[in-house]
Amino acid sequence: MNRLTQLVEAALFSADSPLSLSELATLDRDASRADFQEALEELRQQYHAAGHGIELTELAEGYQILTRREFADAIAQAHLVTRPRRLSAAALETLAIIAYRQPVGRAEVEEIRGVSVEGVLRSLQERGLVDVVGRAEGLGRPLLYGTTTAFLELLGLAGLEHLPRIDELSVALRSPVEPGEAGE
Amino acid sequence: MNRLTQLVEAALFSADSPLSLSELATLDRDASRADFQEALEELRQQYHAAGHGIELTELAEGYQILTRREFADAIAQAHLVTRPRRLSAAALETLAIIAYRQPVGRAEVEEIRGVSVEGVLRSLQERGLVDVVGRAEGLGRPLLYGTTTAFLELLGLAGLEHLPRIDELSVALRSPVEPGEAGE
Amino acid sequence: MGVSTVIERDQPFVVELETFSGPLDLLLHLIREQEIDVADIPIARIADQFLDVIESLGLNDAANYLEMAAWLLRIKIQMLLPRPFDADKWEDPRAELVRRLLEYEQVREVAQWLEGQADLRSGQFPRGWMPEEPEQEPPPLILDLGQILVAVERVLESIPQPVLHRVVPRPLDVEGATRTILAMLDTRQRFDFTEIIGPEPTVAAVLSALVALLELARVGRVRFVQRQPFGAVAITGESTDATS
């Protein structure tokens with residue numbers, strides 16, 4: 001492994017959340033983005049080729065080293081780490097709507113789910129999975145919500161574009177971006 | 001790397017403290033202490049031979065994977081640890097309440113936010129945004145909090161009186177001091 | 001068609017309802033349970049079944065369910081109305097319900113996908129031990145006034161009804177009542193209790209005034225004068241030479 005790869009590995013080890021390419025770039029001003037991409041690739045292959053228990057993962061618009069899935073049970077059973085608690089159905093549905101409709105106001109989420117989402121929304125905010133991203137025009141200028149990078153981290157997604165496309169779902173309906181299309 | 005070595009690596013990586021040999025032993029009941037020692041040795045050599053940025057270290061309390069010392073400076077100098085942080089939604093809300101209600105006790109903040117704010121309050125204090133400004137009269141003489149000059153500086157405000165008056169917002173902050181107003 | 005289970009009256013629906021995340025979820029459950037085509041819902045039957053469930057529901061979360069029940073009943077009635085001769089002009093009253101159910105199904109599908117992803121991800125652990133950050137300047141903080149204001153509004157949004165509807169006895173404003181009485185004493189020798197509390201007083205105002213009066217009488221600042229049994233009680237200042 002060359003020095004840049006070692007440095008990238010050490011940096012990813014020291015960070016408590018995924019590091020983006022531009023954050024990694026501050027490690028060495030003389031190295032180009034391509035150099036960093038090469039280093040990341042070398043690291044990924046090194047872990048893979050030597051058969052490590054950890055792997056390089058691309059998520060939340062950045063890179064992070066994670067343990068391989070197959071060791072999860074053994075590690076959890078030894079009580080070395082606890083798995084995060086699961087989200088409730090209400091939280092998942094609310095997240096689903098926000099993920100696809102963002103930026104979206106509370107009223108729209110409630111209209112789709114048919115229930116008040118005040119409490120759920122607050123707890124999603126507390127967990128850092130959604131946040132206020134702006135305000136709508138119009139009466140009362142309601143707050144608009146969107147998903148955060150913590151949401152991407154929780155799901156292990158590299159970016160929002162990795163959410164399933166609406167037309168891939170088995171129940172096809174109106175596109176979230178253009179509600180005006182509905183029922184045409 | 002054999003499976004036990006992978007498992008040891010994943011466990012050492014994900015544990016939040018060094019693991020002793022007997023803690024590692026809970027990972028696999030069928031493996032002997034000698035097996036684990038062998039796995040640790042394989043891991044150490046693997047990191048060394050492939051020239052990784054990390055190494056296996058034996059401390060008094062057990063084993064841990066650490067970044068190699070020679071990269072410490074580069075990582076510290078990179079903007080990884082100094083990347084600007086945003087306050088969480090919870091911290092912002094707590095800060096907002098303190099800004100507008102100061103001097104204010106923790107109990108009142110918690111009553112408004114509906115959750116415990118102990119941790120949030122501590123981190124706001126550590127960041128120098130709020131501080132203890134006095135004690136209330138009454139039972140237990142609870143600590144009262146207020147915002148600091150650092151808070152004003154961050155916002156570019158000359159003084160607290162330059163905070164926008166709440167009635168300029170679309171909703172007026174209900175004063176808790178005049179309970180007669182409620183429920184009318 | 002498996003017309004079974006959940007819909008029988010003697011079943012503990014309340015327990016079951018805990019497992020539904022809302023009225024649409026419950027409705028979809030009834031529909032799936034009976035393998036009904038979403039596009040052609042036998043609305044009368046489904047509405048009745050839905051009502052049965054609501055009937056045995058605790059009132060906690062019922063508002064949203066009741067709203068749905070009312071809607072179902074309205075559709076049921078609309079379906080009973082005679083249709084116009086021109087069939088093309090007839091708009092199926094169920095259309096909006098179907099649209100919302102389909103939309104909700106889509107949400108559920110995505111929610112399930114998200115759950116699966118989160119499960120997969122939770123099988124991978126990040127590094128558990130984090131080195132202490134080197135001693136140096138704390139990281140710069142991003143904070144602006146806009147964020148504070150948005151947070152204020154979020155706080156305001158989060159405290160609406162619970163505060164307004166909380167049944168808390170209003171604290172008595174004895175000090176305020178005392179000030180009022182003393183101010184009145186400054187200008188007048190004698191006045192009625194009703195003058196202190198004004199027209200249409202609240203219970204808290206009456207009690208506050210009463211406590212204030214008793215306290216003032218105790219320290220000798222006022223006296224009470226009652227001319228006849230059950231007559232109006234007049235309040236006079238201590239300096240006045242009055243009967244008691």
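Order of the sequence lines sets the chain letters (A, B, ...), proteins ahead of strands, with each chain counted from 1.
- Here the side chain of A/R113 pairs a donor or acceptor atom with the backbone of C/S21 at under 3.5 angstrom.
- For the pair A/D16 and C/R127, the salt-bridge criterion is not met [side-chain N within less than 4.0 Å of a carboxylate O].
- Put simply, the side chain of A/T148 gets close to the backbone of A/L129: a donor and an acceptor are under 3.5 Å apart.
- The backbone N or O of C/F125 lies less than 3.5 Å from a partner atom in the side chain of A/T67, making a donor-acceptor pair.
- The contact between A/E55 and chain C is made entirely by side chain atoms (from C-beta outward), counting heavy-atom distances below 4.5 Å.
- Using a 4.0 Å cut-off between a side-chain N of Lys or Arg and a carboxylate O of Asp or Glu, C/E103 and A/R101 qualify as a salt bridge.
- A salt bridge links A/R44 with A/E41; the closest basic N to acidic carboxylate O contact falls under 4.0 Å.
- Looking at A/S88, there are no atoms closer than 4.5 Å to chain C (heavy atoms on both sides), in backbone or side chain.
- Remark: the backbone N or O of A/A25 is not paired with any side-chain donor or acceptor of A/R33 at under 3.5 angstrom.
- Taking chain A as the reference chain and counting heavy-atom pairs below 4.5 Å, the highest number among C/M68, C/Q124, C/E115, C/R100 is found for C/Q124.
- Heavy atoms closer than 4.5 Å to chain C are found in both the backbone and the side chain of A/L163.
- Between the side chains of A/T94 and A/Y145, no donor N or O sits under 3.5 Å from an acceptor N or O.
- When each of A/R68, A/E70, A/Q125 is checked for heavy-atom pairs under 4.5 Å with chain C, A/Q125 comes out on top.
- For a residue to count as touching a neighbouring chain, one of its non-hydrogen atoms must lie under 4.5 Å from one of that chain's; by this rule A/Q64 touches chain C with the side chain only.
- Using a 4.5 Å cut-off between heavy atoms, A/I65 contacts chain C through its backbone alone, with no side-chain atom that close.
- Looking at C/R94 and C/Q78, their side chains never bring a donor and an acceptor atom within 3.5 Å of each other.
- The residue among A/A99, A/G114, A/S116 with the most heavy atom pairs within less than 4.5 Å of chain C is A/G114.
- Contacts of A/F13 classified as ring pair (Phe, Tyr, Trp, His ring centres under 6.0 Å), with partners at least two apart in sequence or in another chain: B/F13.
- Scanning residues 72-81 of chain A against chain C with a 4.5 Å heavy-atom cutoff picks out A/A72, A/I75, A/V81, ordered by number.
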